[in-house]
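Report on the following structure.
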2 protein chains.
Amino acid sequence: MFSKACEYGIRASIFIAKNSYEGRRVSPKEISEEINSPQAFTAKILQALVKNNLINSVKGAYGGFEIEKDKIAAIKLSHIVKAIDGDNIYNGCGLGLETCDENHPCPVHYKFKEIRDGLKEMLESTNLEELALDIKTGIAFLKTY
Amino acid sequence: MFSKACEYGIRASIFIAKNSYEGRRVSPKEISEEINSPQAFTAKILQALVKNNLINSVKGAYGGFEIEKDKIAAIKLSHIVKAIDGDNIYNGCGLGLETCDENHPCPVHYKFKEIRDGLKEMLESTNLEELALDIKTGIAFLKTY
DNA sequence: TATAAATAGGATAAAAATATCCGAAATAAG
DNA sequence: CTTATTTCGGATATTTTTATCCTATTTATA
Ligand code: FES
Ligand code: FES
């Protein structure tokens, strides 16, 4: 569904959000340990999120990654997915035709569009605040063990 | 969403189904031209579908690929997807945790499960017959141009 | 200002997905 | 039986994704 990069990006963002609420910046090392992802690769993804203004980075001693508290609720999963995987998932044809065009539909167009729109709606209506809260309260997890 | 291989596999299957209704076997060459896919790669995917008993191959002169007419309606998209992409799309965690486990859910588990189950339901309730018919009547297409 | 601690970012490497090539095996028809 | 045709399947190549490594740059603090 999503690329590995995107999966890591979402998990990392949730972890950063949780820590930002607690007033702590986190490093790629800590992040990758907590979400069980390759450190250097995760760092690259964080760079992309910074460039897209979804998270903040602070260089130098006592630096790290954070998200402004009052921005957390405004960051939707859709923003993260779009920043990393682009918007093929929102607009692309399910059978891989060059463009998804209602005037020249593939055989699964109408059925697929429903799923795709459902996913889009879900990603657009889910924000980092609620997800971070689920981690904080311990009802959800960012790694298997 | 699906791999290229899976997209080609679905498009090829629909094309084969349509031609099987018309009593014609088709070659990888004709298939790849009609669905706009790389020929040799498509041939490999067809082999996999044959091994999974979803389509039939006939070697030698006047051979080609076909689907028994009375099997076409019984072949669901879900069978093709499972044969090529496996069942991660049906069971896998949306955030890439090793397993999707209700007892140890990721933060998007419940929201994601709904989408995933919707996709599964769609793939399981869509068969090759209806899709081939849409191609035959010209209301849907297997390539862009 | 010097030092230590961090992220940024370019260069590479490894793995997986996508794609091509070619000879072997099978089969229909003459 | 021979020939032409066609799928099968192994080997290889290319591209994309995933992952690692190392140096430069930035910044807080002593
Ligand atoms: S044309 Fe294929 S999903 Fe719209
Ligand atoms: S645990 Fe992530 S989708 Fe179920």
Side-chain angles (χ1 to χ4, degrees), chain A residues 1-13 15-16 19-20 24-33 35-67 81 83-86 88-89 92 95-96, chain B residues 1-13 16 19-20 24-33 35-67 81 83-86 88-89 92 95-96 98:
Chain A
M1 184 77 80
F2 307 122
S3 68
K4 282 276 169 206
C6 193
E7 292 172 354
Y8 298 152
I10 294 172
R11 305 210 317 256
S13 297
F15 180 71
I16 296 168
N19 279 277
S20 293
R24 283 199 293 118
R25 288 177 188 149
V26 285
S27 66
K29 183 168 185 298
E30 186 179 359
I31 294 170
S32 60
E33 275 163 4
I35 72 172
N36 196 35
S37 69
Q39 180 178 329
F41 188 51
T42 305
K44 277 280 190 301
I45 297 159
L46 294 172
Q47 278 183 45
L49 294 176
V50 169
K51 272 194 184 154
N52 279 271
N53 288 305
L54 294 172
I55 66 178
N56 241 319
S57 75
V58 179
K59 282 185 177 179
Y62 295 84
F65 295 89
E66 66 183 6
I67 307 176
V81 171
I84 301 176
D85 279 353
N88 196 283
I89 193 99
L95 294 190
Chain B
M1 184 79 77
F2 307 122
S3 68
K4 282 277 169 203
C6 193
E7 293 171 352
Y8 298 153
I10 294 172
R11 306 216 308 262
S13 298
I16 295 168
N19 279 276
S20 294
R24 284 200 291 121
R25 288 177 188 149
V26 286
S27 65
K29 183 167 185 298
E30 185 179 358
I31 295 170
S32 60
E33 275 164 4
I35 73 173
N36 196 34
S37 69
Q39 181 178 331
F41 189 51
T42 304
K44 277 277 189 302
I45 297 159
L46 294 172
Q47 279 183 44
L49 294 176
V50 169
K51 271 193 185 155
N52 279 272
N53 287 305
L54 294 172
I55 66 178
N56 242 317
S57 74
V58 179
K59 282 184 178 180
Y62 295 82
F65 295 89
E66 66 183 5
I67 308 176
V81 171
I84 301 175
D85 279 352
N88 195 284
I89 193 98
L95 294 190
E98 284 168 40

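First the proteins, then the strands, lettered A, B, ... as listed; each starts at 1. Basis for what follows: all heavy atoms, side chains included, without hydrogens, waters or symmetry-related copies.
Summarising the geometry, the separation between CD1 on A/I45 and P on C/dG9 is reported as 15 Å, rounded to the nearest angstrom. If you take CD1 of A/I31 and P of C/dT7, they are 8 Å apart, rounded to a whole angstrom. Between B/K29 atom NZ and C/dA19 atom C1' there is a gap of 18 Å when expressed in whole angstrom units. The distance from atom CD1 of A/I84 to atom C1' of D/dT18 is 13 Å, rounded to the nearest whole Å. Atom pair B/E30:CD and D/dT6:P shows a separation of 11 Å (rounding to whole Å applied). Regarding A/F65, its CZ atom lies at a distance of 16 Å from the P atom of D/dT26, rounded to whole Å. Spacing between atom CD1 of B/I16 and atom C1' of D/dT6 amounts to 14 Å, rounded to whole angstrom units. Straight-line distance from the CZ atom of A/R11 to the P atom of D/dT18: 13 Å, rounded to whole Å.
Minimum atom distance to the side chain of A/S27 is reached by C/dT7, of the listed D/dG9, C/dT7, D/dT20. When the nucleotides C/dA8, C/dT18, D/dT5 are ranked by their closest atom to the side chain of B/S3, C/dT18 comes out on top. Distance from the side chain of B/F41 is smallest to C/dT20 among C/dT20, C/dA8, C/dT27. Side chain of B/Q47, nearest nucleotide from D/dG9, C/dT7, C/dA5: D/dG9. Of the candidates C/dT18, C/dA8, D/dT5, C/dT18 carries the atom nearest the B/K4 side chain, counting heavy atoms from C-beta on.
Note on B/S57: every side-chain N or O is 4.0 Å or more away from OP1 and OP2 of D/dT6. Between A/Y8 and D/dA19 there is a side-chain N or O to OP1 or OP2 distance below 4.0 Å.
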Start with the C-alpha distance between B/I84 and B/F2, add both sets of side-chain angles, then the distance that settles side chain to side chain contact (heavy atoms under 4.5 Å, CB included), and finish with yes or no. CA-CA 9 Å; B/I84 301 175; B/F2 307 122; over 6 Å; no
CA sep, side-chain torsions, deciding dist, call: A/R11, A/F15, side chain to side chain contact (heavy atoms under 4.5 Å, CB included): CA-CA 6 Å; A/R11 305 210 317 256; A/F15 180 71; over 6 Å; no
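With hydrogens and angles ignored, a donor-acceptor pair under 3.5 angstrom links the side chain of A/K44 to the base of C/dG10.
Counting heavy atoms from C-beta on, the side chains of B/L49 and B/I16 never come closer than 4.5 Å.
Ranked by how close their nearest DNA chain D nucleotide is to the 5' end, B/K59 and A/A5 are led by B/K59. Taking for each of B/T42 and B/R25 the nucleotide of DNA chain C with the nearest heavy atom, the 5'-most of the two is the partner of B/T42.
Checking A/T42 against A/S32 by side-chain atom types alone, no donor-acceptor pair falls below 3.5 Å.
If you check every strand for non-hydrogen atoms under 4.0 Å, B/Y62 touches sugar and phosphate atoms only.
A pairwise comparison of heavy atoms in A/I35 and A/Y8 identifies CD1-O, 3.6 Å as the closest pair.
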